[in-house]
Number of protein chains: 2
Amino acid sequence: METSNLKKAGLKVTLPRMKILEILENSETRHLTAEAIYRELLDSGEEIGLATVYRVLTQFEAAGLVCRLHLEGNQAVFELERGGHHDHIVCNQCGRVEEFFDETIERRQREVAQHHGFAIKDHALVLYGDCTDSACPHRPA
Amino acid sequence: METSNLKKAGLKVTLPRMKILEILENSETRHLTAEAIYRELLDSGEEIGLATVYRVLTQFEAAGLVCRLHLEGNQAVFELERGGHHDHIVCNQCGRVEEFFDETIERRQREVAQHHGFAIKDHALVLYGDCTDSACPHRPA
DNA sequence: ATAGAAATGAGAATCTTGATCATCTGAGCG
DNA sequence: CGCTCAGATGATCAAGATTCTCATTTCTAT
Ligand SMILES: [Mn+2]
Ligand SMILES: [Mn+2]
Ligand SMILES: [Zn+2]
Ligand SMILES: [Zn+2]
């Protein structure tokens, strides 16, 4: 597995960390709350505390293994850091999350920041709307 | 004053609501936390509870009088809804907030959402960076 | 001025996340 | 393989932000 990433980050390879990585890698939902990960651990029969989940996720974030997003609710969601940066679209009805990357938007952000005398370091962009997924409760029958 | 806005929104014209509107209108800082508004009320000698501040701000938001932003900290900030939509740049060092509007970004957001089968309703965009304001503690002397 | 509906204030409650600290575990070494 | 101890864990407590509860007060309409 990716225990090498843990070692590279200077983190001991422990059972909780491996299990949490596993869930982040294998869950069909790419964006998970700490609580959701905790519940999956319980369902797998692992006796791992919620505090550990939060702690480990924060460490993973600091190590660049995951990124933390605030999509809308009161809970942060975490996703495995694969390859590149992207932003998100969230369905107001069903909560489905789609990812996108738009170079035009990225470039304009840099330009806007420069015009205002800012050295841009980061940004957060989330679009909210109604999706047309057949499972979305909002979609007309 | 703008008590007419309150009536239009179906809200009774009460002292707490008027005072809170007043602060939102007159504060030199356009983006205020509920706590900041609460403190200004106390400083003005008004005996208004923090719960009322939160309650009223939520009602103002529902009425379209203010909008609520999550800029970075754990506290939401509120700003009076004047004229048009805009997005924000926040300085990582001094917390200064600048506003901007970029039609190119707005258009690309609509296009991206459409490509993904979303009817876009809203969006949140915040840029983070280091500002060059002379008062910013980060700026080299 | 009066009455009733709506709003307020004090404090409790909730929710999410981080801190404490005694106990446990994994990586390195003999 | 078994020992040692820095580092990690888990149970619990704590903190911060926001909402809820409910008795009391204040608007608005008569
Ligand atoms: Mn993502
Ligand atoms: Mn603004
Ligand atoms: Zn949907
Ligand atoms: Zn600054």
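Scope of the values below: all heavy atoms of this structure, side chains included, with no hydrogens, waters or symmetry mates. Computed from a prediction, not measured in an experiment: that's the story for all the values here. Below, read A as the first sequence line, B as the second, and so on, with proteins coming before strands; counting in each chain starts at 1.
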- Task: Output the distance between atom CG (A:Leu125) and atom CZ (A:Phe100), rounded to the nearest 0.5 Å.
- Result: 4.5 Å
- Can you establish whether the number of heavy atoms outside B:Glu99 located under 6.0 Å from its atom CD is more than 12? yes
- Task: Find the distance B:Phe60:CZ to D:dT18:P and express it as a whole number of Å.
- Result: 17 Å
- Evaluate whether atom CD of B:Glu103 has more than 12 neighbouring non-hydrogen atoms of other residues, nucleotides or ligands under 6.0 angstrom away. yes
- Pair A:Arg55, A:Thr52: side-chain N/O donor-acceptor within cut-off below 3.5 Å: yes
- Item | Integer-rounded Å distance: C:dA7 P and B:Leu6 CG | 11 Å
- Task: Could you tell me the separation between the CD1 atom of A:Ile20 and the P atom of D:dA8, rounded to a whole number of Å?
- Result: 13 Å
- Message: B:Arg68 vs B:Thr58, test: side chain to side chain contact (heavy atoms under 4.5 Å, CB included). Steps then yes/no.
- Response: CA-CA 8 Å; B:Arg68 180 195 307 250; B:Thr58 299; 3.2 Å; yes
- What integer distance in Å separates B:Tyr38:OH from D:dG16:C1'? 15 Å
- Query: Please give, in whole Å, the distance from D:dT25 C1' to B:Glu46 CD?
  - Reply: 16 Å
- D:dC27 C1' sits how many Å from B:Met18 CE, rounded? 10 Å
- Message: Is there a side-chain contact between A:Arg17 and A:Lys12 in this structure, where contact means two heavy atoms from C-beta onward sitting under 4.5 Å apart?
- Response: yes
- Item | A:Thr33 side chain to A:Ala36 backbone, donor-acceptor under 3.5 Å | yes
- Check the surroundings of atom NE2 in A:His115: do more than 12 heavy atoms from other residues, nucleotides or ligands lie under 6.0 Å from it? no
N/O contacts under 3.5 Å, protein versus nucleotides 14-18 of chain C?
from: C:dT16; atom 1: OP1; to: A:Gln75; atom 2: OE1; distance (Å): 3.0
from: C:dT17; atom 1: OP1; to: A:Ala76; atom 2: N; distance (Å): 2.9
from: C:dT17; atom 1: OP2; to: A:Tyr54; atom 2: OH; distance (Å): 2.5

- B:Ile48 CD1 to C:dA10 C1': how many Å, rounded? 14 Å
- Item | Base versus backbone protein contacts along nucleotides 23-30 of chain C [heavy-atom cut-off under 4.0 Å; B, S, -] | --BSS---
